[in-house]
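Report on one structure; see the data block that follows.
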Amino acid sequence: MNLRVGSGFDLHRLKHGRPFILGGVLLDWPAGPYGHSDGDPLTHALADALLGASGLGDIGDHFPDNDPAWRDCPGETILTQVMDKVRAAGFEVVNADMTVFLQAPKLKTRKQAIRETLSRWMGIESGQICLKAKTAEGFDALGRGDCIAAQVTILLQSRQK
Ligand code: MG
């Protein structure tokens, strides 16, 4: 079997008044990730992991943050376009293992919705995605709730035997 592993990381500042969209799901919280696009760090880390495993570069190569075309771009657009590129390169997703680092809000009740949303956008089963959440134990910018980060590891297999 021809397997390819990829990793992705992203971090965004949390800004008061921004919608908190994580993995495509709107969370009820007074601050949210700030970025040129929608600032969704989980979707961005996932897209970077997919591109890395496929040997297609990084998210900045495909969706430059100085290009007005991608301003406020929704994660769904980025992820579905990345999946089209991954499939065109001959790969399918085996599984994705994702960790979100944030102090608050708690993700426990929203994890399933995030897994279902991301798997729907990717055209895979939600069982192929695992989502974990960690706090930063109150330390540094993550612990103060000034930012949110996400880390993703993904495994792809080639359709060619
Ligand atoms: Mg980002």
Side-chain angles (χ1 to χ4, degrees), residues 3-15 18-27 29 31-67 70-86 89 91-108 110-111 113-119 121-122 124 126 128-157:
L3 297 173
R4 302 281 291 263
V5 71
S7 69
F9 177 83
D10 195 26
L11 182 148
H12 280 270
R13 227 162 11 111
L14 290 174
K15 203 171 172 183
R18 287 274 296 189
F20 201 140
I21 298 171
L22 185 65
V25 171
L26 181 64
L27 307 179
W29 199 249
Y34 177 75
H36 180 74
S37 62
D38 68 355
D40 182 340
L42 184 55
T43 304
H44 297 173
L46 186 52
D48 249 351
L50 284 160
L51 290 168
S54 311
L56 295 174
D58 67 25
I59 197 169
D61 295 331
H62 299 268
F63 308 92
D65 66 6
N66 56 4
D67 183 343
W70 305 115
R71 180 179 292 280
D72 297 323
C73 179
E76 180 174 11
T77 302
I78 291 174
L79 198 53
T80 53
Q81 289 196 15
V82 165
M83 281 303 299
D84 287 346
K85 294 171 197 279
V86 166
F91 295 103
E92 289 292 341
V93 173
V94 177
N95 76 302
D97 188 18
M98 316 187 293
T99 305
V100 171
F101 302 88
L102 83 170
Q103 198 63 33
K106 292 288 182 199
L107 292 185
K108 194 169 185 170
R110 306 312 303 276
K111 278 184 184 171
I114 291 171
R115 289 173 60 218
E116 284 169 4
T117 300
L118 292 175
S119 59
W121 290 352
M122 294 168 74
I124 63 175
S126 62
Q128 290 171 269
I129 294 182
C130 181
L131 174 61
K132 298 166 298 193
K134 311 288 281 184
T135 72
E137 299 274 341
F139 283 108
D140 293 332
L142 273 166
R144 285 194 303 271
D146 291 343
C147 62
I148 175 173
Q151 176 180 289
V152 173
T153 302
I154 199 152
L155 190 66
L156 304 182
Q157 64 181 352

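- The CD1 atom of I78 lies 8.5 Å from the CG atom of D40; values are rounded to the nearest 0.5 Å.
- When the salt bridge (Lys or Arg N to Asp or Glu O under 4.0 Å) test is applied to D146, the partners found at least two apart in sequence or on another chain are R144.
- With sequence neighbours excluded, no residue satisfies side chain to side chain donor-acceptor pair (under 3.5 Å) with R18.
- Nearest heavy-atom pair, L156 versus S54, reported as atom, atom and distance to 0.1 Å: CD1-OG, 3.4 Å.
- Residues passing the side chain to side chain donor-acceptor pair (under 3.5 Å) test with N95: none are found, sequence neighbours excluded.
- We find the CD-CE distance between E92 and M83 to be 6.5 Å, quoted to the nearest 0.5 Å.
- In this structure, L102 and L14 have side chains that are not in contact, with every pair of non-hydrogen atoms separated by 4.5 Å or more.
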Verdict with reasoning, D58 to D61, per side-chain contact (heavy atoms from CB on, under 4.5 Å):
CA-CA 5 Å; D58 67 25; D61 295 331; 3.4 Å; yes

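- Note that CZ of R4 is 12.5 Å distant from CG of L50, once rounded to the nearest 0.5 Å.
- Around atom NZ of K132, more than 12 heavy atoms belonging to other residues, nucleotides or ligands sit under 6.0 Å away.
- Residues satisfying the salt bridge (Lys or Arg N to Asp or Glu O under 4.0 Å) test with R13, not counting sequence neighbours, are none.
- Taking CZ of R110 as the reference point, atom OG1 of T117 lies at 8.5 Å (rounded to 0.5 Å).
- Residues satisfying the ring-ring contact (aromatic ring centres under 6.0 Å, His included) test with W70, not counting sequence neighbours, are F63.
- Put simply, CG on D10 and CD on Q151 are 12.0 Å apart, with the number rounded to the nearest 0.5 Å.
- Across T43, T77, L46, a single residue satisfies side chain to side chain contact (heavy atoms under 4.5 Å, CB included) together with W121, and that is T43.
- Across all non-hydrogen atoms, the minimal contact from A45 to V152 is CB-CG2, 3.8 Å.
- The minimum heavy-atom distance between A104 and F20, with the atom names listed, is O-CE1, 4.1 Å.
- Across L27 and P105, no two heavy atoms sit closer than the pair CD1-CG, 4.1 Å.
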Could you give me the CA-CA distance, side-chain angles and deciding distance for M122 and Q128, then say whether side-chain contact (heavy atoms from CB on, under 4.5 Å) is met?
CA-CA 10 Å; M122 294 168 74; Q128 290 171 269; over 6 Å; no

side-chain contact (heavy atoms from CB on, under 4.5 Å) between V82 and H62, worked out:
CA-CA 9 Å; V82 165; H62 299 268; 5.8 Å; no

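- Of the inter-residue distances, the one linking K111 atom NZ with S126 atom OG reads 14.0 Å to the nearest 0.5 angstrom.
- Here the closest heavy-atom approach between residue I148 and residue P33 is recorded as CG2-CG, 4.2 Å.
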Show your reasoning for whether side-chain contact (heavy atoms from CB on, under 4.5 Å) applies to L118 and L42.
CA-CA 10 Å; L118 292 175; L42 184 55; 4.0 Å; yes

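- Closest heavy-atom contact between L56 and A89: CD1-CB, 4.4 Å.
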Side chains of residues 135-142: which donor-acceptor partners sit under 3.5 Å, not counting sequence neighbours?
{"unit_1": "T135", "atom_1": "OG1", "unit_2": "E137", "atom_2": "N", "d": "3.2"}

